[in-house]
Amino acid sequence: MKLHSTIERIDAIDANLSGSSFENVNLSGARLSDVKLSDAVISNACLGNVKISDANLSGLSISDCRLDGMTIEGVAVVDLLAAYKKGQA
């Protein structure tokens with residue numbers, strides 16, 4: 001199924017959308033619950049103010065991203081990275 005240039009609300013329940021492609025899609029305000037994104041690739045995405053909880057982030061890789069304002073368990077990521085880099089010196 002292809003959706004092109006559409007403004008619709010989609011409710012997908014117990015759906016298998018593996019292998020799907022989303023390009024230039026606005027998912028602002030979307031709610032993702034019990035979702036599997038294993039092996040997904042996310043690029044050129046605006047994830048500002050996204051809340052992630054009760055998630056398995058093992059193997060997650062973040063690179064070439066703007067991190068200001070990002071926190072993990074309430075700790076600023078830029079501070080964590082600065083402390084790490086300082087310890088590496």
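Nothing here was measured: the structure is a model prediction, and the numbers come from that model. Side-chain atoms are counted along with the backbone in the values below, which use heavy atoms only and exclude waters and symmetry mates.
Separation of atoms OG (Ser43) and CG (Asp64) is listed at 11.5 Å; rounding is to 0.5 Å. Taken from OG in Ser28 to CG in Asn49, the straight-line distance is 10.5 Å, to the nearest 0.5 Å. Here the CG-CD1 distance, from Leu32 to Ile52, works out to 9.5 Å after rounding to the nearest 0.5 Å.
For the side chain to side chain contact (heavy atoms under 4.5 Å, CB included) with Ile62, the qualifying choice from Leu57, Leu67, Ile42 is Leu67, the only one to do so.
Val78 and Ile72 fall within the same hydrophobic cluster, where Ile, Leu, Val, Met, Phe, Trp and Tyr residues are linked whenever their side-chain heavy atoms come under 4.5 Å apart, directly or through other members. Leu47 and Phe22 fall into different hydrophobic clusters, defined by Ile, Leu, Val, Met, Phe, Trp and Tyr side-chain heavy atoms under 4.5 Å apart, directly or through other members.
The number of heavy atoms from other shown groups lying within 6.0 Å of CD (Gln88) is above 12.
Inter-residue side-chain proximity for Arg31 and Ser33 is flagged as unmet; no heavy-atom pair is nearer than 4.5 Å. Proximity of Met70 to Asp68: side-chain heavy atoms (C-beta onward) are nowhere separated by under 4.5 Å.
Here the shortest heavy-atom pairing between Ser58 and Asn56 reads OG-OD1, 2.6 Å.
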